[in-house]
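A short worksheet on the structure shown next.
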Amino acid sequence: MSAYKDEDPRIHGIKTRIRVVPNFPKPGIMFQDITTLLLDPKAFKDTIDLFIERYKGKNISVVAGIEARGFIFGPPIALAIGAKFVPLRKPRKLPGEVIFEEYTLEYGKDRLEMHVGAVEPGEHALVVDDLIATGGTLCAAINLLERVGAEVVECACVIELPDLQGRERLNGTPLYVLLESH
């Protein structure tokens with residue numbers, strides 16, 4: 001499911017505010033830079049509003065944001081829909097007891113961590129990040145939340161890189177994106 005397929009008029013304004021940086025952080029990568037979107041208050045608000053409109057009244061109790069850019073979009077969505085925000089962090093960033101999920105990167109491994117007790121069994125969770133590429137990070141987030149008994153209702157991203165087929169790796173968890181980049 002995607003907002004761009006619904007032809008919402010706000011999508012064009014959002015898309016034009018995302019800068020594409022060739023060969024960053026390494027040759028061959030076309031980096032989708034959302035920092036330029038954040039500089040335009042209307043486009044940033046439209047982005048948040050599209051997510052709020054989709055998730056308001058859907059009985060979501062947890063918005064889990066993936067470090068780092070999921071921390072930009074997740075909290076305003078959580079506040080607007082009356083859910084708590086749970087940060088899913090990179091290793092050794094959270095004090096206290098954590099639960100973690102490891103995942104494979106192109107060159108090595110990484111992991112996401114969450115505070116023990118932040119999410120209770122039976123809670124309905126939304127996972128938020130800025131972009132889905134291969135789907136590895138979103139899969140780790142889904143696995144982490146499901147291990148503590150949450151039901152992941154959907155994943156939400158501003159941008160999808162469909163050529164990398166990350167959506168297919170989500171094992172049936174619905175994905176909602178605002179736009180695609182090829």
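Note that the structure is predicted; figures quoted are calculated from it, not measured.
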If you take all heavy atoms of [X] and [Y], which pair is closest and at what distance?
| X | Y | answer |
| --- | --- | --- |
| Asn23 | Gly28 | OD1-N, 2.9 Å |
| Ala43 | Leu37 | CB-CD1, 3.5 Å |
| Leu112 | Ala141 | CD1-N, 3.8 Å |
| Phe51 | Ala156 | CE2-CB, 3.7 Å |
| Cys155 | Ile142 | SG-CD1, 3.7 Å |

Write out all pairs satisfying side chain to side chain donor-acceptor pair (under 3.5 Å) with one or both partners inside residues 85-97, taking only residues at least two apart or from two chains.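 Only Glu67-Arg89 qualify under side chain to side chain donor-acceptor pair (under 3.5 Å).
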Within residues 125-140 or reaching into it, pairs that qualify as side chain to side chain donor-acceptor pair (under 3.5 Å) - sequence neighbours excluded: Arg69-Asp130
Within a strict 4.5 Å, meaning less than it, do heavy atoms of the [X] and [Y] side chains meet?
| X | Y | answer |
| --- | --- | --- |
| Val153 | Leu126 | no |
| Lys58 | Glu154 | no |
| Cys157 | Leu138 | yes |
| Arg17 | Phe44 | no |

How long is the gap from [atom1] on [X] to [atom2] on [Y], to the nearest 0.5 Å?
| X | Y | atom1 | atom2 | answer |
| --- | --- | --- | --- | --- |
| Arg169 | Leu175 | CZ | CG | 13.0 Å |
| Leu178 | Asp8 | CG | CG | 9.0 Å |
| Glu160 | Gln32 | CD | CD | 11.5 Å |
| Arg111 | Leu88 | CZ | CG | 13.0 Å |
| Glu102 | Asn143 | CD | CG | 12.0 Å |
| Met114 | Glu101 | CE | CD | 10.0 Å |

Can Ser181 and Ile18 be said to form a side-chain contact (heavy atoms from CB on, under 4.5 Å), step by step? CA-CA 10 Å; Ser181 182; Ile18 296 171; over 6 Å; no
Trace of the salt bridge (charged side-chain N to carboxylate O under 4.0 Å, His left out) decision for Arg167 with Glu180: CA-CA 12 Å; Arg167 181 183 292 265; Glu180 288 184 350; 5.6 Å; no
Among Ile159, Leu164, Leu161, Leu170, which one satisfies side chain to side chain contact (heavy atoms under 4.5 Å, CB included) with Ile132? Leu170
From the list Leu144, Ile99, Val62, side chain to side chain contact (heavy atoms under 4.5 Å, CB included) with Val119 holds only for Val62
Could you tell me whether a side-chain N or O of Arg147 sits under 3.5 Å from a main-chain N or O of Phe100, the two making a donor and an acceptor? yes
Donor-acceptor pair, distance only, cut-off 3.5 Å: does the side chain of His115 make one with the backbone of Pro95? yes
Could you list the donor-acceptor pairs under 3.5 angstrom formed between side-chain atoms of residues 71-87 and any protein atom two or more places apart in sequence or on another chain?
from  : atom 1 : to     : atom 2 : distance (Å)
Lys84 : NZ     : Ala118 : O      : 2.7
Lys84 : NZ     : Glu123 : OE1    : 3.0

Ile11 vs Leu50, test: side-chain contact (heavy atoms from CB on, under 4.5 Å). Steps then yes/no. CA-CA 9 Å; Ile11 295 299; Leu50 283 162; 3.6 Å; yes
Any chance you could pull the hydrophobic cluster mates of Leu94, using side-chain heavy atoms under 4.5 angstrom and chaining through other members? Val98
If you group Ile, Leu, Val, Met, Phe, Trp and Tyr whenever their side-chain heavy atoms sit less than 4.5 Å apart, what else falls in with Val20?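 Via sub-4.5 Å side-chain contacts, Val20 links to Met30.
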With sequence neighbours excluded, give me every ring pair (Phe, Tyr, Trp, His ring centres under 6.0 Å) pair touching residues 13-43.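 Found Phe24-Phe31.
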